[in-house]
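These notes are about the structure you will find just below.
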Amino acid sequence: MQHDLYSPRVSVILPVHRVDQFFTAAVDSILSQSYTDFELLIIANGCSDSDFKFITQNYADNQQVNIVCTEMKGLPFALNLGTHLAKGIYIARMDADDISSSDRLAKQAAELDNDPDLGIVSSCYSYIDASGQVTGQAEFSALSHAQHLRLLPFMCCVAHPTVMIRKDILQQLGGYSFGRYSEDYDLWLRVLRESPDTKFLRLPNKLLFYRRHGNQATSGSNMKTIRIFNASLKIREFLFSKRISFLFGIIIPARISIRLFAQQS
């Protein structure tokens, strides 16, 4: 169900497969943004009837919220569907278990407005647990475009849930690739290769509270599989670019990469 008369600058895409105890806080953190020129696209992908009923009963009357139901499961499909339906020129990612700070959209949209060469803006973030208590901080804060270029062959240094990206970049690259893991790292590497003039920026502001819990795709039990997926992406990029740094990225641990490159301006 969509509100067709509203044409916002920012489209926030929030996929949800299962409504749990974190969902309402995630949605409300977007609806309480200081920046108001946005729409929230809730992509209910493979939700149960009861979960979809909960979503519609609570949010269908909000003119900034568009609710889309699809039987297709999988995060890449939900993100591509949301991008296709989005009315904004900027796409903001949001997970159904995280919390955005109230100034997140304002700060990220301002950066994109002020620099036409900037295509992808992420931010620092804090870790929270299931109860919402802060348990730690991200590995590093601000990153320049040059630092992204050095780090990306070694690690995924762009925090996907914090990202705001120009919609036309996603369209140019054909959206997210399908797969169970690493759809974000795959996208950033394709940006490097296919849209080399696109600039990355990571803001020092903590604009997201990233929730760690046992049910998420990046839980500890999945990390070995994710590392294998990431290694295959680095091999692919080496074959395309012949950049030896992608092979070094397979064998050099992320913590060493951060020490080597993140501190350089």
*Of all heavy-atom pairs between R202 and A138, which one has the smallest distance, and what is that distance?*
NH2-CB, 3.3 Å

*Are the side chain of S48 and the backbone of D51 linked by a donor-acceptor contact shorter than 3.5 Å?*
yes

*asked:* Contact between N222 and F229 at the side-chain level, heavy atoms closer than 4.5 Å - yes or no?
replied: no

*Distance (rounded to the nearest 0.5 Å) between N62 CG and I42 CD1*: 9.0 Å

*Name all residues meeting the side chain to side chain donor-acceptor pair (under 3.5 Å) criterion together with S122; count only those two or more places apart in sequence or in a different chain, and write none if there are none.*
none

*So if you build clusters from Ile, Leu, Val, Met, Phe, Trp, Tyr with side-chain heavy-atom gaps below 4.5 Å, do F209 and L203 land together?*
no

_Transitive ILVMFWY side-chain link I250 to F248, under 4.5 Å_ = yes

*Hey, is the main chain of V191 close enough, under 3.5 Å, to the side chain of S195 for a donor-acceptor pair?*
no

*Closest heavy-atom contact between A86 and L41?*
CA-CD1, 3.7 Å

_Determine whether a donor-acceptor pair (N or O, by modelled atom type, separation under 3.5 Å) exists between the side chain of R166 and the backbone of L112._
yes

*Side-chain contact test, heavy atoms from C-beta onward, threshold under 4.5 Å: evaluate it for S144 versus Q147 and give yes or no.*
yes

_Interatomic spacing from CD1 in I99 to OG in S126 - rounded to 0.5 Å_ = 11.0 Å

*Rounded distance [0.5 Å steps], CD in Q64 versus OG1 in T36*: 6.5 Å

*Are any of the side-chain heavy atoms of T24 and F54 separated by less than 4.5 Å?*
yes

_Side-chain donor/acceptor of D20 to backbone N/O of F22, under 3.5 Å_ = yes

*Is the shortest heavy-atom distance from the side chain of S29 to the side chain of M94 under 4.5 Å?*
yes

*Within a strict 4.5 Å, meaning less than it, do heavy atoms of the H148 and C157 side chains meet?*
yes

_Can you tell me how far apart CG (L105) and CE (M164) are? Round to the nearest 0.5 Å._
4.5 Å

*asked:* Looking only at side-chain N and O atoms, does Y90 offer a donor or acceptor that is under 3.5 Å from a partner on D113?
replied: yes

*What distance separates Y176 OH from N80 CG, expressed to the nearest 0.5 Å?*
8.0 Å

_Between N230 and M155, does the side chain to side chain contact (heavy atoms under 4.5 Å, CB included) criterion hold? Intermediate values first, please._
CA-CA 8 Å; N230 289 351; M155 62 181 295; over 6 Å; no

*Checking K234 side chain against F154 main chain: does a donor-acceptor pair fall under 3.5 Å?*
yes

*asked:* Using the rule given for side chain to side chain contact (heavy atoms under 4.5 Å, CB included), can you reason through V158 versus V163, listing the C-alpha separation, both sets of side-chain angles and the distance that settles it, and then say yes or no?
replied: CA-CA 8 Å; V158 183; V163 160; 3.5 Å; yes

_Do L189 and F240 sit in one hydrophobic cluster, given that two such residues count as connected whenever their side-chain heavy atoms are within less than 4.5 Å of each other, even indirectly?_
no

*Should the heavy atoms of other residues, nucleotides or ligands under 6.0 Å from CG of D49 be counted, would the total exceed 12?*
no

*Roughly how far, to the nearest 0.5 Å, is the CD1 atom of I120 from the CD1 atom of I91?*
12.5 Å

*asked:* Count I, L, V, M, F, W, Y as connected when their side-chain heavy atoms are under 4.5 Å apart, and connections chain through other members. Are I244 and L149 then in the same cluster?
replied: yes

*Would you say R9's side chain and D37's backbone share a donor-acceptor pair under 3.5 angstrom?*
no

*Do the non-hydrogen side-chain atoms of H160 and L79 ever get within less than 4.5 Å of each other?*
yes

*Minimum heavy-atom distance I55-A44, with the two atoms named*: CD1-CB, 4.3 Å

*asked:* Quick one: does any side-chain atom of Q108 pair with a main-chain N or O of V121 as donor and acceptor, under 3.5 Å?
replied: yes

*Linked, directly or transitively: L239 and W188 (ILVMFWY side chains, under 4.5 Å)*: yes

*Do M72 and N45 pass the side chain to side chain contact (heavy atoms under 4.5 Å, CB included) test, and can you show the C-alpha distance, the side-chain angles, and the key distance before you say yes or no?*
CA-CA 6 Å; M72 293 288 291; N45 56 320; 5.9 Å; no

*Hey, mind stepping through L170 and L187 against side chain to side chain contact (heavy atoms under 4.5 Å, CB included) and telling me if it holds?*
CA-CA 9 Å; L170 281 171; L187 180 63; 3.7 Å; yes

*asked:* Before you tell me yes or no, could you show the steps for D186 and R236 under salt bridge (Lys or Arg N to Asp or Glu O under 4.0 Å), namely the whole-Å CA-CA distance, both residues' side-chain angles and the distance that decides it to 0.1 Å?
replied: CA-CA 10 Å; D186 169 81; R236 181 193 70 186; 2.6 Å; yes

*asked:* Please give me the minimum heavy-atom distance between F38 and L31, naming the atom from each residue.
replied: CZ-CA, 4.1 Å

*Under 3.5 Å, is there a donor-acceptor pair between the Q33 and S102 side chains?*
no

*Are the side chains of M223 and R227 in touch, meaning some heavy atoms are under 4.5 Å apart?*
yes

*Under 30°, 30 to 60°, or over 60°: which ring-plane class applies to F77 and F178, parallel, tilted or perpendicular?*
tilted

*May I ask you to say whether E237 pairs ionically with R243, meaning some side-chain N is under 4.0 Å from a carboxylate O?*
no

*Regarding D129 and T135, is there a side-chain donor-to-acceptor distance under 3.5 Å anywhere?*
no

_Please give me the minimum heavy-atom distance between K87 and E39, naming the atom from each residue._
N-OE2, 2.8 Å

*Without swapping roles, check the side chain of R190 against the backbone of G175 for a donor-acceptor pair under 3.5 Å.*
yes

*Locate the shortest heavy-atom distance separating T198 from G119; write the atom from each residue and the value.*
CG2-CA, 3.7 Å

*In terms of heavy-atom contacts, does CD of Q57 have more than 12 from other residues, nucleotides or ligands at under 6.0 Å?*
yes

*asked:* So that I know where these two stand, are Y125 and Y127 an aromatic pair - ring centroids less than 6.0 Å apart?
replied: yes

*asked:* Contact between I89 and K167 at the side-chain level, heavy atoms closer than 4.5 Å - yes or no?
replied: no

